[in-house]
Amino acid sequence: MLKVPFAKLASTIKTNTISYALCLLIPILAFIGYTYITHIKTLLLTDARNSLIAISTHTSKSIDQSLDNNLLQLKHFNLNPQLHEDLPLEEKIKLIIADPHYQTFSRIAIADLAGNALSSDGVAFSIADRDYFQQAKQGSTVVSEPLDSRIDDGQKIIVQALPLRNNGQVTGVLLASEHPENITNAIANMYYLGQLRFLITRDNGQIISQSATVPMITATNILELFHAPEYSEILQQLKHGLASRTPLTLNYRQDDRGYILSYMPIPNFVYDWHLFVILPNSVALALTNEVLQLTAVLVFIVIALLSIIFIYILKNKKEYIEALKISDYRYKIISEQTENIIFD
């Protein structure tokens with residue numbers, strides 16, 4: 001008579017143990033999933049930070065090399081003896097345009113020693129008062145700081161000025177101009193589908209140009225972004241980096257969004273120019289969204305399977321208990337009949 005109640009008790013303990021184990025397993029799986037995703041995010045942000053440093057280093061060197069190459073191309077024109085002859089500027093500019101090296105530049109101009117200049121698109125203007133012209137006339141190769149263009153409605157331009165020499169004498173000045181935004185935009189489009197923000201600044205943080213990354217930075221100085229009290233430490237780091245030309249990388253939050261900022265000085269440049277590259281965390285974590293989706297699907301499948309097993313166990317448990325009740329009832333009847341026979 002003791003066998004049936006003991007079997008019932010053992011079954012109850014077994015099913016309850018499985019039920020409790022399943023209930024504990026679900027939050028454990030959720031915790032493991034959360035830890036896994038957090039770890040993936042940390043790895044992605046670390047990788048993005050390292051990649052940003054590499055991009056900043058490569059880009060700063062590329063900007064410097066690009067400008068150096070332009071100067072080398074300009075020096076090529078100095079080899080044409082006709083440019084040193086007493087020809088009208090119109091004839092000289094035709095000779096420049098006919099040269100294959102002209103295709104390297106968006107605009108070239110040539111000026112006489114009085115500062116009268118003529119551009120490759122036929123616009124005449126004066127540069128007599130420009131510092132870069134005065135330096136070039138004295139024999140120096142010059143890269144100007146950003147200036148308001150006298151041709152393009154005051155747009156900012158960088159001018160590379162090269163003295164034309166004949167027997168050691170300066171006979172004129174050759175000019176090539178470029179919009180700073182063309183430099184930053186061309187670089188930005190090479191990385192992260194244009195989602196990286198590139199800025200070129202002066203040594204005091206004044207923004208020379210920035211890539212057309214939405215939303216545009218409206219501040220004229222990059223240091224203005226960090227004037228709030230909570231950015232005091234970051235501001236000091238940036239000021240020190242600019243002053244000492246020491247590369248740095250840091251993380252910050254603005255408008256409830258996280259960013260990674262990398263600073264790199266542009267080497268061997270005539271003026272102290274500096275490169276800033278800013279990457280939103282959302283771009284760096286784009287891969288995490290795919291991981292989250294895959295993880296969510298896997299967790300859903302596991303929970304669904306555990307739920308099915310749990311329901312199946314509960315259902316079988318109920319049926320088994322009913323079977324035990326019937327068995328107990330039959331056992332009771334048999335016992336009573338046996339007792340009646342014995343007493344009879």
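Numbering starts at 1 and runs along the sequence shown.
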**Student:** With sequence neighbours excluded, give me every ring pair (Phe, Tyr, Trp, His ring centres under 6.0 Å) pair touching residues 59-89.
**Tutor:**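 Listed by first then second residue: His76-His101.
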**Student:** Where is the tightest heavy-atom contact between Phe133 and Leu113, given as atom of each residue plus distance?
**Tutor:** CZ-O, 3.6 Å
**Student:** Is there side-chain contact between Leu225 and Tyr259, with at least one heavy-atom pair below 4.5 Å?
**Tutor:**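 Leu225 does not reach Tyr259 side chain to side chain.
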**Student:** Can you check whether His274 reaches Arg202 side chain to side chain, under 4.5 Å on heavy atoms?
**Tutor:**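 Counting from C-beta outward, His274 and Arg202 never come under 4.5 Å.
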**Student:** Taking Asp131 for the side chain and Gln134 for the main chain, is one N or O donor matched with an acceptor at less than 3.5 Å?
**Tutor:**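 No.
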**Student:** Same hydrophobic cluster for Ile217 and Leu250, using side-chain heavy-atom links shorter than 4.5 Å among ILVMFWY?
**Tutor:** yes
**Student:** Measure the CD-CD1 distance between Gln206 and Ile200 for me, rounded to the nearest 0.5 Å.
**Tutor:** 13.0 Å
**Student:** Is there a side chain to side chain contact (heavy atoms under 4.5 Å, CB included) between Leu118 and Glu90? Walk through the geometry before answering.
**Tutor:** CA-CA 7 Å; Leu118 181 67; Glu90 290 80 5; 3.8 Å; yes
**Student:** Look only at the side chain of Asn78 and the backbone of Arg165, and say whether a donor-acceptor pair between them is shorter than 3.5 Å.
**Tutor:**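 Indeed, once roles are kept as given, a pair shorter than 3.5 Å links the two residues.
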**Student:** Is a side-chain donor or acceptor of Ser60 paired with a backbone partner of Met264 at a separation under 3.5 angstrom?
**Tutor:**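 Absent.
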**Student:** Taking Lys92 for its side chain and Leu83 for its backbone only, find out whether a donor-acceptor pair lies under 3.5 Å.
**Tutor:** yes
**Student:** Less than 4.5 Å apart, any side-chain heavy atom of Leu238 and any of Ile222?
**Tutor:**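 No, every pair of side-chain atoms sits at 4.5 Å or beyond.
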**Student:** Would Asn204 and Leu242 count as a side chain to side chain contact (heavy atoms under 4.5 Å, CB included) if you check the C-alpha gap in whole Å, the side-chain angles of each, and the deciding distance to 0.1 Å?
**Tutor:** CA-CA 7 Å; Asn204 61 357; Leu242 286 167; over 6 Å; no
**Student:** Could you report the tightest heavy-atom contact between Arg253 and Tyr231, atom names first, then the distance?
**Tutor:**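 For Arg253 and Tyr231, the tightest heavy-atom pair comes out as O-OH, 2.5 Å.
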**Student:** Using modelled atom types only, decide if a donor and an acceptor are shared between the side chain of Asn167 and the backbone of Gln169 within a distance under 3.5 Å.
**Tutor:** no
**Student:** Side chains of Thr220 and Glu224: donor-acceptor distance under 3.5 Å anywhere?
**Tutor:** yes
**Student:** Evaluate side chain to side chain contact (heavy atoms under 4.5 Å, CB included) for Leu95 paired with Asn80, printing each intermediate quantity in order.
**Tutor:** CA-CA 9 Å; Leu95 293 172; Asn80 188 340; 4.3 Å; yes
**Student:** Rounded to the nearest 0.5 Å, how far apart are OG1 of Thr249 and CD1 of Ile53?
**Tutor:**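 Taking OG1 in Thr249 and CD1 in Ile53, the distance rounds to 3.5 Å.
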**Student:** If every non-hydrogen atom of Ala109 is compared with every non-hydrogen atom of Phe125, which pair is closest and at what distance?
**Tutor:** CB-CZ, 4.1 Å
**Student:** Identify the two heavy atoms, one from Ala161 and one from Val173, that lie closest to each other, and give their separation to 0.1 Å.
**Tutor:** CB-CG1, 4.1 Å
**Student:** Does atom CG (Asn221) have a neighbourhood of more than 12 heavy atoms from anything else shown, all under 6.0 Å?
**Tutor:**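 It does: Asn221 CG has more than 12 such atoms within range.
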**Student:** Give a yes or no on this: more than 12 heavy atoms of other residues, nucleotides or ligands lie within 6.0 Å of atom CD of Glu233.
**Tutor:** no
**Student:** Near His240 NE2, under 6.0 Å, is it more than 12 heavy atoms from other residues, nucleotides or ligands?
**Tutor:** no
**Student:** For the hydrophobic clusters of this structure (ILVMFWY residues joined by side-chain heavy atoms under 4.5 Å, transitively), does one cluster hold both Leu248 and Val277?
**Tutor:** no
**Student:** Is there a side-chain contact between Ser262 and Ile55, using heavy atoms and a 4.5 Å cut-off?
**Tutor:** no
**Student:** Go through the steps for Ile278 and Ile260 under the test side chain to side chain contact (heavy atoms under 4.5 Å, CB included), then give the verdict.
**Tutor:** CA-CA 6 Å; Ile278 301 175; Ile260 306 173; over 6 Å; no
**Student:** So, the side chain of Thr201 versus the backbone of Ile207: is there a donor-acceptor pair under 3.5 Å, distance only?
**Tutor:**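 Not a single qualifying donor-acceptor pair exists.
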**Student:** Please report the interatomic distance CD1(Ile157) to OG(Ser177), rounded to the nearest 0.5 Å.
**Tutor:** 5.0 Å
**Student:** Distance-only, no hydrogens or angles: does the Arg245 side chain make a donor-acceptor pair with backbone N or O of Ile266 under 3.5 Å?
**Tutor:** yes
**Student:** Report yes if the side chains of Arg130 and Arg150 come closer than 4.5 Å at any heavy-atom pair, otherwise no.
**Tutor:** yes
**Student:** Quick check for you: to the nearest 0.5 Å, what is the distance between Gln237 atom CD and Ser232 atom OG?
**Tutor:**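 Nearest 0.5 Å value for the CD-OG distance: 10.0 Å.
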**Student:** Checking the side chain of Glu178 only, and the main-chain atoms of Val159 only, is there a donor and an acceptor separated by less than 3.5 Å?
**Tutor:**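 Pair absent, no side-chain N/O of Glu178 close to backbone of Val159.
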**Student:** Please name the pair of heavy atoms, one in Arg197 and one in Ser211, separated by the smallest distance, quoted to 0.1 Å.
**Tutor:** CA-OG, 3.6 Å
**Student:** Measuring only between side-chain heavy atoms, which start at C-beta, is Tyr132 closer than 4.5 Å to Ile127?
**Tutor:**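 They are in contact (side-chain heavy atoms under 4.5 Å apart), so the answer is yes.
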**Student:** Using modelled atom types only, decide if a donor and an acceptor are shared between the side chain of Gln135 and the backbone of Thr141 within a distance under 3.5 Å.
**Tutor:** no
**Student:** If you group Ile, Leu, Val, Met, Phe, Trp and Tyr by side-chain heavy-atom gaps below 4.5 Å, do Val170 and Leu175 land in one group?
**Tutor:**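 Cluster IDs for Val170 and Leu175 differ.
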**Student:** Ignoring hydrogens, what is the shortest heavy-atom contact between Val142 and Ala136? Give both atom names and the distance.
**Tutor:**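 Scanning both residues, the minimum pair turns out to be CG2-N, 4.0 Å.
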**Student:** Is the shortest side-chain heavy-atom distance between Thr59 and Leu275 below 4.5 Å?
**Tutor:** yes
**Student:** Any donor-acceptor pair under 3.5 Å linking the side chain of Ser149 with the backbone of Ile151?
**Tutor:**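 Confirmed, Ser149 side chain pairs with Ile151 backbone.
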**Student:** Around atom CD of Glu230, are there more than 12 heavy atoms of other residues, nucleotides or ligands at under 6.0 Å?
**Tutor:** yes
**Student:** Within the structure provided, determine whether Ile96 and Ile110 are in side-chain contact (heavy-atom separation under 4.5 Å).
**Tutor:** yes
